[in-house]
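First up is the structure itself, then whatever we jot down about it.
We're numbering straight along the sequence, starting at 1.
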Amino acid sequence: MNIEEFRAELETRLLIEKQYLTQEASSVNAEERLELLGKFNEKYKELIKRLAIENGIDLNESYPSENTSDSENLTYEQIILGKTMSVYDRLSDELYEEITNI
């Protein structure tokens, strides 16, 4: 699985988690709703680990660089976080809007 496929699968799973948390928000008080954002952050981290395991990716392994003279070797985890953070940011912003408007 390449990084773009990984990102797409992560986005799909995060969307599902966001929907569950939005539903949960309707049954809790306002203070607990904001705690759902932390729960979403944990789900993001868990999903990255789970997808890596499912696809045989060692998150601590160095990501193969196209430029072999690069002095900085990044791990798969760093690359994945860099490629997926915008997805997480967008979905967590949407979640925030949804749970604060209930």
Side-chain angles (χ1 to χ4, degrees):
M1 172 178 272
N2 70 36
I3 298 296
E4 286 306 312
E5 290 170 342
F6 190 100
R7 186 202 59 74
E9 181 63 24
L10 180 66
E11 182 173 10
T12 300
R13 293 186 188 194
L14 277 174
L15 267 168
I16 293 167
E17 291 298 332
K18 183 180 84 86
Q19 290 171 338
Y20 284 132
L21 292 172
T22 301
Q23 290 173 354
E24 187 178 332
S26 63
S27 64
V28 298
N29 66 39
E31 184 178 310
E32 292 172 320
R33 285 185 201 142
L34 292 179
E35 292 173 6
L36 295 175
L37 293 172
K39 199 171 182 178
F40 187 70
N41 181 274
E42 290 303 314
K43 289 292 185 181
Y44 170 65
K45 294 174 190 176
E46 289 173 18
L47 284 172
I48 287 175
K49 290 176 185 172
R50 187 177 313 145
L51 277 170
I53 290 168
E54 289 174 9
N55 291 285
I57 297 171
D58 179 355
L59 293 173
N60 297 313
E61 186 178 316
S62 289
Y63 185 79
S65 174
E66 289 120 20
N67 185 359
T68 55
S69 65
D70 237 349
S71 61
E72 184 180 347
N73 289 329
L74 299 174
T75 64
Y76 272 92
E77 184 174 31
Q78 291 169 317
I79 296 294
I80 288 168
L81 287 172
K83 295 280 187 178
T84 62
M85 190 57 71
S86 64
V87 170
Y88 168 78
D89 287 342
R90 179 177 49 81
L91 293 177
S92 63
D93 287 348
E94 289 175 11
L95 177 62
Y96 176 79
E97 288 298 319
E98 291 171 17
I99 65 176
T100 56
N101 290 323
I102 290 178

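- The side chain to side chain contact (heavy atoms under 4.5 Å, CB included) check on Leu37 picks up Leu34, Leu95, Tyr96, Ile99, with sequence neighbours excluded.
- Tyr88 and Phe40 have parallel rings, their planes meeting at less than 30° on a 0 to 90° scale where 60° marks the start of perpendicular.
- Judged as a side chain to side chain contact (heavy atoms under 4.5 Å, CB included), and not counting sequence neighbours, the contacts of Ser62 are Asn73.
- Taken from CD1 in Ile79 to CG in Leu74, the straight-line distance is 4.5 Å, to the nearest 0.5 Å.
- For Thr22, the side chain to side chain donor-acceptor pair (under 3.5 Å) partners at least two apart in sequence or on another chain are Glu98.
- Tyr63 and Ile53 end up in different hydrophobic clusters when Ile, Leu, Val, Met, Phe, Trp and Tyr side chains are linked at under 4.5 Å.
- Under the salt bridge (Lys or Arg N to Asp or Glu O under 4.0 Å) criterion, Glu97 pairs with no residue at all, not counting sequence neighbours.
- Remark: Phe6 engages no residue in a ring pair (Phe, Tyr, Trp, His ring centres under 6.0 Å) (not counting sequence neighbours).
- Scanning for side chain to side chain donor-acceptor pair (under 3.5 Å) contacts around Glu54 gives Arg13, with sequence neighbours left out.
- Alongside Tyr20, the hydrophobic cluster contains Ile16 (criterion: ILVMFWY side chains under 4.5 Å).
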Q | Glu11 vs Arg90, side-chain contact (heavy atoms from CB on, under 4.5 Å): CA-CA, chis, key distance, verdict | A | CA-CA 10 Å; Glu11 182 173 10; Arg90 179 177 49 81; 2.2 Å; yes
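- Note that CD of Glu9 is 5.5 Å distant from OG1 of Thr12, once rounded to the nearest 0.5 Å.
- In this structure Asn60 satisfies the side chain to side chain contact (heavy atoms under 4.5 Å, CB included) test together with Asp58, Glu77, sequence neighbours excluded.
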What side-chain donor-acceptor pairs closer than 3.5 Å can you find for residues 43-52, not counting sequence neighbours?
from  : atom 1 : to    : atom 2 : distance (Å)
Tyr44 : OH     : Thr84 : OG1    : 2.7
Lys45 : NZ     : Asn41 : OD1    : 3.3

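- Residue pairs that meet the salt bridge (Lys or Arg N to Asp or Glu O under 4.0 Å) test with at least one member in residues 23-35, sequence neighbours left out, are Glu24-Lys39.
- Nearest heavy atoms, Ile102 versus Ser26: CD1-N, 3.9 Å.
- One distance of note links NZ of Lys18 with CG of Leu14; it measures 10.5 Å at 0.5 Å rounding.
- Note that CG of Leu10 and NZ of Lys83 are 14.0 Å apart. Values are rounded to the nearest 0.5 Å.
- Although no hydrogens or angles enter the test, the distance criterion places no donor-acceptor pair under 3.5 Å between the side chain of Asn55 and the main chain of Ile57.
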